[in-house]
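Have a look at this one before I ask anything.
All heavy atoms count here, side chains included; hydrogens, waters and symmetry mates do not.
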Amino acid sequence: QLQLVESGGGLVQAGGSLRLSCAASGGTFGSYGMGWFRQAPGLEREFVAAISWSVLNTYYADSVKGRFTISRDNAKNTVYLQTNSLKPEDTANYYCAASRTRVPTTLRAINNWGQGTQVTVSS
């Protein structure tokens, strides 16, 4: 069973950047599709970005295209989310997610979740 631990969240001003990391253990990381989701208070958890096991394919929500970049290092069992040009509406708890069978762009595809890391963007 893959365990996921996020880090890198924090408080940042609008226009700033954060690099989120998700360290995986307990499974064959390189065989999982990996993704990031986020959830703001009172709202449903939503897809942010995903990357295939092979690194060849990446997917983004329209709201973050051109500002966020997902990447992974299979040698380090880690997936990253570089967030640039942050906006107050990006404020949310960001969750790392893993899927054994597909690139995780939907909630139904997820087999494993991290505990989340809070990102707060001030205006």
Open item on the list: To the nearest 0.5 Å, what is the distance between SG on C22 and CH2 on W113?
Closed with: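 Taking SG in C22 and CH2 in W113, the distance rounds to 11.0 Å.
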
- Verify the neighbour count for atom CZ of R102: are there more than 12 heavy atoms of other residues, nucleotides or ligands below 6.0 Å? no

Quick check: closest heavy atoms across Q115 and Y95, and the distance to 0.1 Å?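 Looks like O-CE2, 3.5 Å.
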
Any chain of hydrophobic side-chain contacts (each under 4.5 Å) joining L81 to V55? yes

Q: Kindly say whether T117 contributes a backbone atom to a donor-acceptor pair with the side chain of E6 at under 3.5 angstrom?
A: no

Original post:
Any side-chain heavy-atom pair from V119 and L18 closer than 4.5 angstrom?
Top reply: yes

Worksheet entry | Side chain to side chain, L4 and M34, heavy atoms closer than 4.5 Å |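 Heavy-atom side-chain distance check passes, below 4.5 Å.
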
Tell me, do T91 and Q118 make a side-chain contact under 4.5 Å, heavy atoms counted?
->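 Side chain of T91 against side chain of Q118, heavy atoms only: contact under 4.5 Å found.
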
| query | Could K87 and D90 be called an ion pair, given the rule that one side-chain N must be under 4.0 Å from one carboxylate O? | reply |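 The answer is no: the pair does not qualify as a salt bridge.
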
Would you indicate whether the side-chain heavy atoms of Y32 and R100 approach each other to under 4.5 Å? yes

Query - Shortest non-hydrogen contact from A49 toward Y60 - result: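 Minimum heavy-atom separation between A49 and Y60: CB-CD2, 3.7 Å.
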
Q. Looking only at heavy atoms, which two atoms of L20 and W36 are closest? And how far apart?
A.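 L20 and W36 have their closest heavy atoms at CB-CH2, 3.7 Å.
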
Can you find a heavy atom in the side chain of R38 that is under 4.5 Å from one in the side chain of V64? yes

With a 4.5 Å heavy-atom cut-off, do S71 and Y80 have their side chains touching?
yes

For N74 and F29, the nearest pair of non-hydrogen atoms, with its separation, is OD1-CE2, 3.2 Å

Closer than 3.5 angstrom, by distance alone: can the side chain of S123 be matched with the main-chain N or O of P88 as a donor-acceptor pair?
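No.
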
Is it the case that the side chain of N111 and the backbone of S99 share a donor-acceptor pair, with hydrogens and angles ignored and the cut-off at 3.5 Å?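 Such a contact is absent between N111 side chain and S99 backbone.
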
Heavy-atom pair with the smallest gap, counting every atom of S85 and S17:
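That would be N-OG, 4.3 Å.
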
Does the side chain of Y59 reach to within under 4.5 Å of the side chain of F47, using non-hydrogen atoms?
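Contact flag for Y59/F47 side chains = yes.
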
Query raised in the report: Closest heavy-atom contact between T78 and A23?
Result: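 Looks like OG1-CA, 4.2 Å.
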
Quick check for you: to the nearest 0.5 Å, what is the distance between S21 atom OG and R72 atom CZ?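 S21 OG to R72 CZ: 14.0 Å, rounded to 0.5 Å.
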
- Message: Do V5 and V48 land in one hydrophobic cluster if side-chain heavy atoms of ILVMFWY residues count as linked below 4.5 Å?
- Response: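 Unlinked, V5 and V48 end up in two clusters.
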
